[in-house]
Amino acid sequence: MHGKTAHELHNLLINKKTSSVEITQAVFARIEKAEDKIRAYVTLNKEEALEQARAADRQISRSPDIPISQLTGIPVAVKDNMCTKGILTTCSSKILSNYIPPYDATVVTKLKEAGAVIIGKTNLDEFAMGSSTENSANHVTRNPWNLEAVPGGSSGGSAAAIAAAEAILATGSDTGGSIRQPAAFCGVVGLKPTYGRVSRYGLVAFASSLDQIGPITKDMTDAAIMMNVMAGRDELDSTSVDLPVPDYRKALVNNVKKMRVGLIKELMGQGIDPEVKAAVKKAADTFANLGAEMIEVSLPSFEYAVATYYLIATAEASSNLARFDGVKFGRRSKAAKDILTMYYNTRREGFGPEVKRRIMLGTYALSAGYYDAYYLKALKVRTLIKQDFEKALGACDILISPTAPTIAFKLGEKTADPLSMYLSDIATIPVNLAGLPAISLPCGFSNKLPIGLQIIGRAFAEEIILRAAFTYEQNTDWHKAKPNV
Ligand code: GLN
């Protein structure tokens with residue numbers, strides 16, 4: 001049961017072949033079995049989940065007279081930087097180790113309203129800053145395909161939970177690649193929607209002009225189902241856009257004939273693992289064989305994307321994280337006689353080394369005398385990157401590339417070298433800077449670890465991405481391979 005997709009389980013539910021309680025119990029049994037190896041979760045929500053499952057079963061018993069949603073009774077894991085009412089929300093930081101939000105993030109509200117069962121909160125890099133989940137103050141999460149390898153990050157817990165069948169669906173957040181890169185490393189599907197497509201209300205902010213919430217799933221159909229529930233305007237997030245939400249399942253059409261597919265030259269060259277490159281090249285051939293028109297495109301400003309991102313993201317983070325001072329949220333240092341030392345000690349004790357590094361970098365980039373040279377310049381380069389995409393996506397319907405330059409690396413391999421860690425998001429970061437939607441889906445293996453294919457689209461053209469990805473999925477078998485946990 002735990003290995004099935006949401007759409008498979010939905011069919012069993014409406015045909016009364018199983019119940020949500022049965023599914024939820026199966027998932028918790030799986031968690032119990034796999035968790036001491038994987039450690040995808042920070043907090044489990046078993047009691048409330050079973051209550052939600054019973055409520056879902058009551059609804060299902062009245063269907064089809066009263067129709068149910070495709071998520072009714074389906075267990076979902078939520079990344080631990082999204083607020084959940086009454087459930088610990090730590091952001092994998094010591095500073096929020098005792099934070100129980102009094103409200104739900106809009107995405108969580110929407111999932112609950114659709115009848116989903118919230119099974120627990122998944123591990124991440126502290127405040128979503130990282131690419132391996134090793135920056136978590138909670139514990140490390142392991143890659144279900146190889147327990148010595150990282151699951152990617154920062155949504156490593158969600159991706160590992162889906163790969164290890166410890167959840168049916170999961171949410172992730174993506175500021176520079178945090179949905180797509182862990183999805184690639186764990187061999188699952190991860191979609192970063194267009195900036196503004198999904199409400200960020202209740203997502204603990206990292207870099208507000210880049211952050212976006214999206215689904216992490218076992219296949220494309222489940223990604224579409226989750227998007228149907230998660231997308232849309234929200235009065236509580238002024239950056240969410242008031243555009244109608246299409247039925248994303250209707251975009252799942254097995255046909256890419258005449259679709260113009262651009263292969264990004266800059267992401268097929270130096271620094272990309274040869275086997276990753278070969279898998280993406282093969283994916284390009286698959287698209288061509290299915291009738292797509294392949295075009296090689298160049299986005300020259302990509303070269304500056306990582307540097308630009310680490311100025312903009314850290315600048316925004318340094319401002320966003322100012323609120324964690326021990327006064328209103330989370331932990332307060334006890335070892336202080338006056339307010340100033342209370343601030344100092346709270347932040348010194350509460351934040352981990354990577355978060356401190358970013359606050360310092362961002363504060364520096366924003367400081368008088370350096371603002372023009374760093375922050376302002378980064379904003380200008382961001383515009384150039386946007387323009388490169390506009391040009392490429394004028395000539396093409398979608399762009400493809402590897403999601404990450406390598407397969408999942410070994411635990412501990414990059415922790416001492418932040419720069420090499422930052423470079424693992426070289427293919428995903430430009431997409432956030434331009435605010436575009438992109439997906440990662442499995443396209444091969446190297447050394448028994450999954451390889452991810454990234455598909456990028458125009459703003460609010462998630463349907464085109466879904467169609468291309470679905471066609472690729474239906475014509476390949478990569479998504480059927482499962483790790484042996
Ligand atoms: N790995 C990138 C970083 O460390 C992206 C993280 C994210 O998307 N949240 O900032």
Side-chain angles (χ1 to χ4, degrees), residues 79-82 91-93 122-137 141 150-159 170-186 190-195 198 200 203-216 305-318 320-321 351-362 365 378 382 403-406 408-409 413-415 417-440 452 454 456:
K79 186 177 180 181
D80 206 26
N81 62 349
M82 294 169 206
C91 291
S92 287
S93 179
T122 56
N123 200 17
L124 65 150
D125 287 294
E126 184 175 358
F127 286 106
M129 297 175 186
S131 310
S132 67
T133 314
E134 290 165 299
N135 293 338
S136 168
T141 296
V150 301
S154 64
S155 313
S158 284
T171 67
S173 68
D174 191 313
T175 307
S178 277
I179 289 176
R180 291 159 286 158
Q181 185 257 24
F185 280 13
C186 292
L191 171 67
K192 183 202 93 74
T194 310
Y195 185 79
V198 174
R200 293 179 297 112
L203 169 70
V204 178
F206 162 10
S208 309
S209 78
L210 301 160
D211 299 340
Q212 193 48 203
I213 296 176
I216 298 183
V306 172
T308 303
Y309 171 86
Y310 276 95
L311 288 166
I312 293 173
T314 58
E316 294 182 18
S318 72
N320 274 327
L321 269 58
F351 290 136
E354 182 61 28
V355 173
K356 284 178 185 161
R357 178 163 29 242
R358 300 212 185 183
I359 292 173
M360 287 189 277
L361 262 170
R382 184 177 190 172
T403 305
T406 64
F409 42 89
E413 190 181 312
K414 295 188 193 232
T415 39
D417 182 0
L419 201 57
S420 87
M421 189 76 90
Y422 295 172
L423 285 171
S424 66
D425 293 311
I426 198 157
T428 47
I429 276 173
V431 178
N432 299 73
L433 288 168
L436 301 175
I439 200 164
S440 177
Q454 177 171 242
I456 307 165

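Counting starts at 1 for both ligands and their atoms, in listed order. Any value given below was found using the heavy atoms of this structure, including those in side chains, with hydrogens, waters and symmetry copies removed. Being a predicted model, the structure only gives us computed values, none of them experimental.
The Gly130 neighbourhood of ligand 1 comprises atoms 1 (N), 2 (C), 3 (C), 4 (O), 6 (C), with distances under 4.0 Å to a heavy atom of that residue. Every atom of ligand 1 with a heavy atom of Ala128 under 4.0 Å away is listed here by number and element: 6 (C), 7 (C), 9 (N). Each of the atoms 8 (O) of ligand 1 lies under 4.0 Å from some heavy atom of Asp174. Here is the list of ligand 1 atoms found below 4.0 Å of a heavy atom in Gly176: 5 (C), 7 (C), 8 (O).
Judged by distance alone, the side chains of Lys79 and Ser155 do bring a donor and an acceptor atom under 3.5 Å apart. Asp425 and Ser131 are linked by a side-chain donor-acceptor pair at a separation below 3.5 angstrom, with hydrogens and angles left out of the test. With hydrogens and angles left out, the side-chain atoms of Asp211 and Ser173 include no donor and acceptor closer than 3.5 Å.
The closest donor-acceptor contact from the side chain of Asn135 to the backbone of Met129 lies under 3.5 Å. For Ser420 (side chain) and Asp417 (main-chain N/O), a donor-acceptor pair under 3.5 Å exists by modelled atom type. A donor-acceptor pair is defined here as one N or O able to donate and one able to accept, closer than 3.5 Å; such a pair exists between the side chain of Ser178 and the backbone of Ser154.
Put simply, the side chain of Phe351 does not reach to within 4.5 Å of the side chain of Arg358, judged on heavy atoms.
The N/O atoms of Gly153, backbone and side chain alike, include none that comes under 3.5 Å of an N/O atom in ligand 1. Residue-to-ligand polar distances place Ser131 within reach of ligand 1: an N/O pair is separated by less than 3.5 Å. Residue Phe206 has no nitrogen or oxygen atom sitting less than 3.5 Å from a nitrogen or oxygen atom of ligand 1, judged on distance alone. For ligand 1, the polar-atom distance check against Met129 finds no nitrogen or oxygen pair separated by under 3.5 Å.
The one candidate from Leu203, Thr194, Val431, Val198 that meets the side-chain contact (heavy atoms from CB on, under 4.5 Å) condition with Gln212 is Val198. When Asp80, Asn123, Thr141 are each tested for a side chain to side chain donor-acceptor pair (under 3.5 Å) with Ser136, only one passes: Asn123.
With respect to atom 1 (N) of ligand 1, the closest heavy atom belonging to the protein is Asp425 OD2, 2.4 Å. For atom 6 (C) of ligand 1, the closest heavy atom belonging to the protein is Ser178 OG, 2.9 Å.
The shell of residues lying under 4.0 angstrom from ligand 1, judged by heavy atoms, includes Arg358. Ligand 1 does not have Ala313 within reach: every non-hydrogen atom of the residue lies 4.0 Å or more from it.
The part of Ser154 lying near ligand 1 is the side chain, judged by heavy-atom distances below 4.0 Å. Of all the heavy atoms of Tyr310, the ones lying under 4.0 Å from any atom of ligand 1 belong exclusively to the side chain. Of all the heavy atoms of Tyr309, the ones lying under 4.0 Å from any atom of ligand 1 belong exclusively to the side chain.
In this structure, Tyr422 and Tyr310 have parallel ring planes: the angle between them is below the 30° cut-off, well short of the 60° mark.
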